[in-house]
Amino acid sequence: MTRKYRVDDLVDYDSYPLDQPQSTNYQNALAHARQQLRHDGCAVIKDLIRPTAVRTISKEIVDRKSTTHFSTSSMNPYFRTTKNPQYPDRHPVNTFVERSSGFIPGDSWDSSLAIDVLFRSIELTQFIRDCLETESVHCYADPLAGLTANILDPGQQFAWHFDTNEFAVTAMIDEADEGGLFEYVPMIRTPDDESFQRIQKVLEDDRSEVKTLELHAGDLQIFRGRHSLHRVTRVPATSKARHAAIFAYTAEPGVIGRVERTRQLFGRVLPAHEEAEQRRVRSDSLID
Ligand SMILES: O=C(O)CCC(=O)C(=O)O
Ligand SMILES: [Fe+2]
């Protein structure tokens, strides 16, 4: 099968020559992203995706929107929906917030699509490795959660949470007219410290540590979502929908998501999830 798209059709190679890592433009972009990531675990690469590619990917998302799995639930930041009596009531584990957004799953795409070409591009993955200053960046091998589109229809929101995977890259495709903002608290927890008290404050609407991101169609966001609490604010009923392509990465190759969370996010699991449950590859022991 001939590939319909090449990465240089999709990425603005004048500003971001991903094939020329020694060039001044590449080095400048890299230095800026590294500085942002070191500072707070989040970098925005402005206008990385060409406007034509944004339109193409928007259509790919809209064409598959009927496959979105919406699962309205009240969840804690660890994606749990039931109380845990081992913790007090006023504790992040027992604090539940509405999540009404949905995902278009990984098996809705195929390799002919621009969104898929971008996600699997060796050049883009290498740029992300450079930005994160590690070779340990691998496309999340999960067949449903690796490549998704996050859909917030009017009225919906994505509650405060941590990601399971270490790094995520978001390509903003369709912005909401208002709301639908990405908010985060940089590096609030570490592999050794859950920071429950600070997290509880954020859940009780203390805004002192919260940052709001400026993210526009065509921008790419690199984010360490396993340690930074984050959410997408509600898209008002009067706005158009918000669509973002989510490229998930893990530090180790071959990671597959948990059966329980997969069912929650996508409403089903594949044989790969059942198999992986037997021999799990995880890189830390945070609660989830
Ligand atoms: O849509 C976004 O900007 C981020 C969504 C998110 O946090 C996630 O998919 O885990
Ligand atoms: Fe997230």
Side-chain angles (χ1 to χ4, degrees), residues 40-46 48-49 54 57-58 61 65 68-73 75-80 92 97-106 108-109 115 119 139-140 142 144-154 156-176 178-189 199 202-203 210-235 239-250 255 257-258 261-262 264-267 286 288:
D40 68 9
C42 183
V44 176
I45 325 293
K46 296 214 81 57
L48 179 115
I49 305 170
V54 171
I57 295 174
S58 173
I61 291 172
K65 213 164 156 174
T68 308
H69 182 71
F70 291 105
S71 49
T72 303
S73 64
M75 65 170 208
N76 71 17
Y78 317 99
F79 281 82
R80 294 283 146 74
V97 181
E98 172 198 318
R99 172 182 174 269
S100 41
S101 57
F103 285 120
I104 298 179
S108 285
W109 323 106
I115 191 173
F119 175 51
C139 290
Y140 191 12
D142 192 290
L144 297 179
L147 174 60
T148 60
N150 187 29
I151 306 295
L152 272 80
D153 271 343
Q156 296 180 337
Q157 67 172 18
F158 198 149
W160 288 112
H161 68 281
F162 294 101
D163 295 342
T164 319
N165 42 294
E166 284 83 358
F167 318 117
V169 171
T170 298
M172 177 52 79
I173 301 299
D174 295 302
E175 293 165 60
E178 58 171 308
L181 298 174
F182 185 89
E183 295 189 337
Y184 66 112
V185 181
M187 311 309 274
I188 197 171
R189 72 174 182 177
I199 294 169
V202 178
L203 297 177
V210 175
K211 295 193 167 191
T212 303
L213 202 67
E214 277 261 348
L215 201 64
H216 300 295
D219 294 349
L220 199 82
Q221 173 199 3
I222 305 177
F223 184 62
R224 294 182 191 276
R226 183 129 183 83
H227 301 120
S228 297
L229 188 67
H230 58 285
R231 71 168 173 181
V232 184
T233 64
R234 194 181 298 282
V235 172
S239 170
K240 66 181 172 65
R242 176 191 191 270
H243 303 150
I246 311 283
F247 304 158
Y249 298 87
T250 51
V255 179
R258 304 291 313 264
R261 188 181 297 200
T262 303
Q264 179 186 6
L265 294 180
F266 301 101
L286 290 167
D288 208 346

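Each ligand, and each atom within it, is numbered from 1 in the order the structure gives.
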- Item | Proximity to ligand 1 by part of R231, non-hydrogen separation under 4.0 Å | neither
- Query: Heavy atom under 4.0 Å from ligand 1: found in V232's side chain, backbone, both, or neither?
  - Reply: side chain
- Compute the ring centroids of F182 and F223, then answer whether they are less than 6.0 Å apart. yes
- H243, M172, R242: member with heavy atom nearest to atom 3 (O) of ligand 1: R242
- Task: State whether a side-chain donor-acceptor pair under 3.5 Å links S71 with R99.
- Result: yes
- Task: Could you tell me whether Y249 and F119 have their ring centroids closer than 6.0 angstrom?
- Result: yes
- Task: Begin with the C-alpha distance, continue with both residues' side-chain angles, and end with the deciding distance and a verdict on side-chain hydrogen bond (donor to acceptor under 3.5 Å, both in side chains) for H216 and E175.
- Result: CA-CA 7 Å; H216 300 295; E175 293 165 60; 3.0 Å; yes
- Task: Under 4.0 Å from a heavy atom of F103: give me the atoms of ligand 1 that qualify, with their elements.
- Result: 9 (O)
- Task: Run the numbers for me: atoms of ligand 1, each under 4.0 Å from some heavy atom of D163, listed by number.
- Result: 10 (O)
- Under 4.0 Å from ligand 1, counting heavy atoms only, is it the side chain of L215, its backbone, both or neither? neither
- Looking at H161, the N, O or S atom sitting nearest the Fe ion (ligand 2) is NE2
- Item | Contact partition for H230 relative to ligand 1, non-hydrogen atoms under 4.0 Å | side chain
- Do you see a donor-acceptor pair shorter than 3.5 Å between the side chains of N76 and H161? no
- Message: Within the 4.0 Å heavy-atom shell around N150, which atoms of ligand 1 are there?
- Response: 1 (O), 2 (C), 5 (C)
- Query: R261 and T164: side-chain donor and acceptor closer than 3.5 Å?
  - Reply: yes
- Going by distance alone, is a donor N or O of one side chain under 3.5 Å from an acceptor N or O of the other, for H243 and K65? yes
- Query: When only distance counts, is Q221 in polar contact with ligand 1, meaning an N/O pair under 3.5 Å?
  - Reply: no
- Message: Before you tell me yes or no, could you show the steps for I61 and I151 under side chain to side chain contact (heavy atoms under 4.5 Å, CB included), namely the whole-Å CA-CA distance, both residues' side-chain angles and the distance that decides it to 0.1 Å?
- Response: CA-CA 9 Å; I61 291 172; I151 306 295; 3.8 Å; yes
- Message: Need the atom name: nearest N/O/S atom of D163 to the Fe ion (ligand 2).
- Response: OD1
